[in-house]
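Quick notes on the structure that follows.
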Amino acid sequence: SAVISQKPSRDICQRGTSLTIQCQVDSQVTMMFWYRQQPGQSLTLIATANQGSEATYESGFVIDKFPISRPNLTFSTLTVSNMSPEDSSIYLCSVEGGTGEQETQYFGPGTRLLVL
Amino acid sequence: QKEVEQDPGPLSVPEGAIVSLNCTYSNSAFQYFMWYRQYSRKGPELLMYTYSSGNKEDGRFTAQVDKSSKYISLFIRDSQPSDSATYLCAMRVGGSEKLVFGKGTKLTVNP
């Protein structure tokens, strides 16, 4: 499986500011995914990012709030814009791995965000 | 009704116990079923992967899928303190990359 790193690992931010989270993979991947993991809640998909195209957002998530870049096959960023305390969460990126029926997703270590 | 239901626990067992973790789901189109393990302050790591119904065994871990009941299980035999983690079930429809997760069950194995 791919090795995935995220920066920053954690941050404390003031409401109204924005934070950009980076995700780096050690191999080229077509699809990258961004998730949010709130306390007591399921891991929830924010958007799917393919290189060279606009990200596809899930219901309840919008580009203005969570702009995503995917400049190449090994890197992506997620920005959490105009933050409020409700955005306090763990943000995870993942990539597809395996082939055929064994295709699934592998996750980075996550970015722990606290908004005050 | 949520697509995937998982009892969040917490579940506390003594070392050596057999642990049973379960999820139910409502979407009969789910074909691929996964269990992820997430240690505190870490990202989820893939533990077991099962396609359609049946059992899959890997060391002390056994995954079961019963599509007729829309029920999946993960059994851990001879549980160890190192198994203490949150276990997430996940599933997807064939042809889709989207994973749908349960809330996770927090397991503590006491020495």
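Order of the sequence lines sets the chain letters (A, B, ...), proteins ahead of strands, with each chain counted from 1. Bear in mind the structure is a predicted one, so any value in this text is a computation, not a measurement.
Linking ILVMFWY residues whenever their side-chain heavy atoms come closer than 4.5 Å, directly or via other members, places B:Leu46 and A:Val25 in the same cluster. Two different hydrophobic clusters hold B:Phe75 and B:Phe61 under the rule that ILVMFWY side chains link at heavy-atom gaps under 4.5 Å. Under a hydrophobic clustering in which Ile, Leu, Val, Met, Phe, Trp and Tyr are joined whenever their side-chain heavy atoms come within less than 4.5 Å, directly or via other members, A:Ile4 and B:Met34 fall into the same cluster. In terms of hydrophobic clustering, with Ile, Leu, Val, Met, Phe, Trp and Tyr side chains grouped at heavy-atom distances under 4.5 Å, A:Val95 and A:Ile21 are assigned to different clusters. Hydrophobic clustering (ILVMFWY, side-chain heavy atoms < 4.5 Å, transitive): A:Phe61 and A:Ile63 are in one cluster.
Looking at A:Gln6, neither its backbone nor its side chain comes within 4.5 Å of chain B, counting heavy atoms on both sides. Proximity to chain A is limited to the side chain of B:Gln38, based on heavy atoms less than 4.5 angstrom apart. Looking at B:Pro44, both its backbone and its side chain come within 4.5 Å of chain A, counting heavy atoms on both sides. Of the two parts of A:Gln105, the backbone and the side chain both hold a non-hydrogen atom closer than 4.5 Å to a non-hydrogen atom of chain B.
Against chain B, no residue from residues 74-83 of chain A qualifies, as none has a non-hydrogen atom under 4.5 angstrom away. Using non-hydrogen atoms only and a strict 4.5 Å limit, the part of residues 93-111 of chain B facing chain A consists of B:Glu97, B:Lys98, B:Leu99, B:Phe101, B:Gly102, B:Lys103. Residues of residues 31-53 of chain A that come within less than 4.5 angstrom of chain B, heavy atom to heavy atom, are A:Met31, A:Phe33, A:Tyr35, A:Gln37, A:Gly40, A:Gln41, A:Ser42, A:Leu43, A:Leu45, A:Thr48 in numerical order.
Environment of CZ in A:Arg15: sparse, with no more than 12 heavy atoms of neighbouring residues, nucleotides or ligands closer than 6.0 Å.
Looking at residues two or more places apart in sequence or on another chain, you find no side chain to side chain donor-acceptor pair (under 3.5 Å) involving A:Glu54.
For A:Leu92 against B:Gly43, the heavy-atom pair with the smallest separation is CD2-CA, 4.0 Å.
In this structure, the separation between CZ on B:Arg41 and CZ on A:Arg10 is 5.0 Å, given to the nearest 0.5 Å.
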